[in-house]
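Everything on this sheet refers to the single structure shown next.
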Amino acid sequence: MDAIDALQVPKGVVEQLKSCLEQALVAVFGEAFTGTDPMLGPTSNPKFGDYQSNAPMALAKRLGKAPRAIAEELIQQLDVSEFCLPPAIAGAGFINFTLKPEYLEARLSAFQVDDRLGVEAVKKPKRTIVDFSSPNIAKEMHVGHLRSTIIGDCIARILEFQGHDVLRLNHVGDWGTQFGMLITYLREVCPEALTTADALDLGDLVAFYKKAKQRFDEDPQFQEQSRQEVVQLQSGSKETLRAWNLLCEQSRKEFQVIYNLLDICITERGESFYNSLLGSVVEDLEKAGLLVEDHGAKCVFLDGFQNREGQPLPLIIQKSDGGYNYATTDLAAIRYRIREDHAKRLIYVTDAGQANHFAQVFQVARRAEWIPEDITIEHVQFGLVQGEDGKKLKTRSGDTIRLRDLLDEAVDRARADLESRLKEEERHETEEFITHASQIVGISAVKYADLSQNRTSNYIFSYDKMLALQGNTAPYMLYAYVRVQGISRKGNIDFQNLGSEATILLREDAELTLAKHLLQLEDTLDAVSQDLLPNRLCQYLFELSQKFNQFYDRCPVLQAEEPARTSRLMLCDLTARTLKLGLSLLGIQVLERM
RNA sequence: GGGCUCUUAGCUCAGUGGAUAGAGCAACCGCCUUCUAAGCGGUCGGUCACUGGUUCGAGUCCAGUAGAGCCCGCCA
């Protein structure tokens, strides 16, 4: 087969093999086996080939035959010669498939002119909302916002690349009791901040917030005033709204500094956006017969949730003072996102501590029949960021770490490391180079360290580990990319112009291993867009870097004779482009030199 | 008391119901006259918390036990 055929069969290898197996199952065992899962996956060990089917063992009971006999019959009816070597039966009844070098060569050669590197855009794009980051107005962004921001951005990037229509929403905390207490406090001690722009910077605001919170916790009268202020806000008092607006504007500027640093694009649509819709949420829940008044508050009592005394737990929709809280806002947001934004997939990226809250809100929305069957709603939760002592990450003095400081330190450390290496190697680089490289390495390291862990577990934050040059880190991968660019500089190679005759030839094991991995990008992205676990993409890119480094170690490129030389140059270029694309989906930029 | 998440090598962590459970770090041993050694190869390292169950097959699914973290009525 040649490159043209490969282009006409654009489906992933796995899909092709699966459908061949499905056809064989029907051909051998009859129509009753239509739709039987062929149980195809990558092999558990490269010595078994590339893919394995476990179907014979699964079907043994149903067919009353030995697995190996079933495998034998299946193979007879199976024609995969287009892309595989003859399949082999092994062990208890596994069917092992090994891809033909010619097939790999043809597929990869086609990637040469494909910016998407073989990854097809989805046929049915879904309107998807990714709700992430969500800092609170009047507070500084801190470590707690790190994971939501990084993971949410990554998920959005991947879904966008797959062709989905993604709306990235920043559900900022710009409403609620905390706001009331801040305005109440400022009215007392710094009234000009409520009427004049830039009267305070965010640092002051944060200090005031802390004091306000203190007052709120110990002074019942202050509490009451704060609640009243919230009611004023919610009912649209002009003066309060103006003060509120000034505070928001101040915070917004500061958030943007962080988002620029992290290269994050997001649309702000805070809690306040849903303010005018809260009343109808209450009304509709009332109509649906879900609302119960208890101690003056309007609640929905939940199925499967209890308080300490074993009583059913309420979700409070409207407080006894008439104010609304976050559950109400989240319910309004669900409705708005489905009815007005026409979202088909709703994704919330917040910490695991909010799992109860979302489970409760989703339950109420379902019982109110606001979530149609064809719409999925997911809480993408993640664990705590912990210090190296295993406790919640804090500064030495016990304060919360500002996100800004955390990122600055990562960049500073990357810079110190780079400078010491330059000195050691007696290299001289411009200030511009050093600044840029440190910036990319530092920020990438923070992002990659976070994304490379399974998000559901807590994660231990360590500058030393994330900035390490060895292992599963951003610098290791950036270096693999830089190595390719080094080859092109050394050999004066223009990867865009390797000639129309250029073809990929896979002769060495290291070449074959690398080639097979390059072909798995699509499957990897499919998996990530389903389970929303970015660490799988990280794992893929890490393995790609390892396989490239092995190839680099064993196969000379520039010194090789033609046609191997051009073929290897193509493999280098494909690797670099795959790394660049993959890292970009993690929100990480590459460097040409480092 | 209830709920959620977790428990895998000395450390940090992967692991789609399938074959002999993997990686990185740390430790130790090798490899630069050859494209950046920020690399590559090798050695050492395991009662997958425990007990049952489902299954042809369980680290993976179910139940229970123990331990850790987080959450649990008017904050978000």
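Letters A, B, ... mirror the listed sequences (proteins, then strands); counts begin at 1.
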With a 4.0 Å limit, can you tell me whether [X] has a side-chain N or O closer than that to the phosphate oxygens OP1/OP2 of [N]?
{"X": "A/S44", "N": "B/G18", "result": "no"}
{"X": "A/N356", "N": "B/G3", "result": "no"}
{"X": "A/K61", "N": "B/G57", "result": "no"}
{"X": "A/R483", "N": "B/A37", "result": "yes"}
{"X": "A/R536", "N": "B/U16", "result": "yes"}
{"X": "A/N535", "N": "B/G15", "result": "yes"}
{"X": "A/N454", "N": "B/G15", "result": "yes"}
{"X": "A/R227", "N": "B/C75", "result": "yes"}
{"X": "A/Q546", "N": "B/G24", "result": "yes"}
{"X": "A/S488", "N": "B/C35", "result": "no"}
{"X": "A/Q453", "N": "B/U12", "result": "no"}
{"X": "A/T43", "N": "B/G18", "result": "no"}
{"X": "A/Y476", "N": "B/C40", "result": "yes"}

Any salt bridge linking [X] with [Y]? Criterion: basic side-chain nitrogen under 4.0 Å from a carboxylate oxygen.
{"X": "A/R413", "Y": "A/D417", "value": "no"}
{"X": "A/R554", "Y": "A/E508", "value": "no"}
{"X": "A/K65", "Y": "A/E73", "value": "yes"}
{"X": "A/R68", "Y": "A/E72", "value": "no"}
{"X": "A/R147", "Y": "A/D351", "value": "no"}
{"X": "A/R427", "Y": "A/E429", "value": "yes"}

Considering only the C1' atoms, how many Å lie between B/G67 and B/U51, rounded to the nearest integer? 15 Å
Heavy atoms under 4.0 Å, any strand shown: does [X] hit a base, just sugar-phosphate, or nothing?
{"X": "A/N325", "answer": "sugar-phosphate"}
{"X": "A/A480", "answer": "nothing"}
{"X": "A/A90", "answer": "base"}
{"X": "A/F216", "answer": "nothing"}
{"X": "A/G353", "answer": "sugar-phosphate"}
{"X": "A/P314", "answer": "base"}
{"X": "A/G486", "answer": "sugar-phosphate"}
{"X": "A/V484", "answer": "nothing"}

Nearest of [options] to any side-chain atom of [X]?
{"X": "A/Q381", "options": "B/C40, B/C4, B/A38", "result": "B/C4"}
{"X": "A/F542", "options": "B/C74, B/C71, B/A23", "result": "B/A23"}
{"X": "A/R554", "options": "B/G15, B/G41, B/C13", "result": "B/G41"}
{"X": "A/S320", "options": "B/G73, B/C4, B/C74", "result": "B/C74"}
{"X": "A/M39", "options": "B/C40, B/G18, B/G73", "result": "B/G18"}
{"X": "A/L384", "options": "B/U55, B/G69, B/G73", "result": "B/G69"}
{"X": "A/K47", "options": "B/A76, B/A14, B/U20", "result": "B/U20"}
{"X": "A/I460", "options": "B/G73, B/U12, B/A76", "result": "B/U12"}
{"X": "A/F94", "options": "B/U16, B/G18, B/C35", "result": "B/G18"}
{"X": "A/D553", "options": "B/G41, B/G39, B/G69", "result": "B/G39"}

Can a donor-acceptor pair under 3.5 Å be found between the side-chain atoms of A/Q52 and the base atoms of B/A19?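 Side chain to base: pair found, below 3.5 Å.
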Quiz item: A/N96 side-chain donor-acceptor pair to B/A19 base, under 3.5 Å: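 Counting by modelled atom types and ignoring angles, a donor-acceptor contact under 3.5 Å is found here.
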Need the pair for B/C75. Rule: Watson-Crick or G-U wobble, both distances under 3.5 Å, any strand; none if unpaired.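 Looking at the geometry, B/C75 pairs with no nucleotide.
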Both distances under 3.5 Å, Watson-Crick or G-U wobble: report the partner of B/C35, or none.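 Base-paired to nothing in any strand shown.
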Assigned glycosidic conformation for B/C32 [threshold 90° from 0]: syn
Is it the case that atom CD in A/E218 sees more than 12 heavy atoms from other parts of the structure closer than 6.0 Å? yes
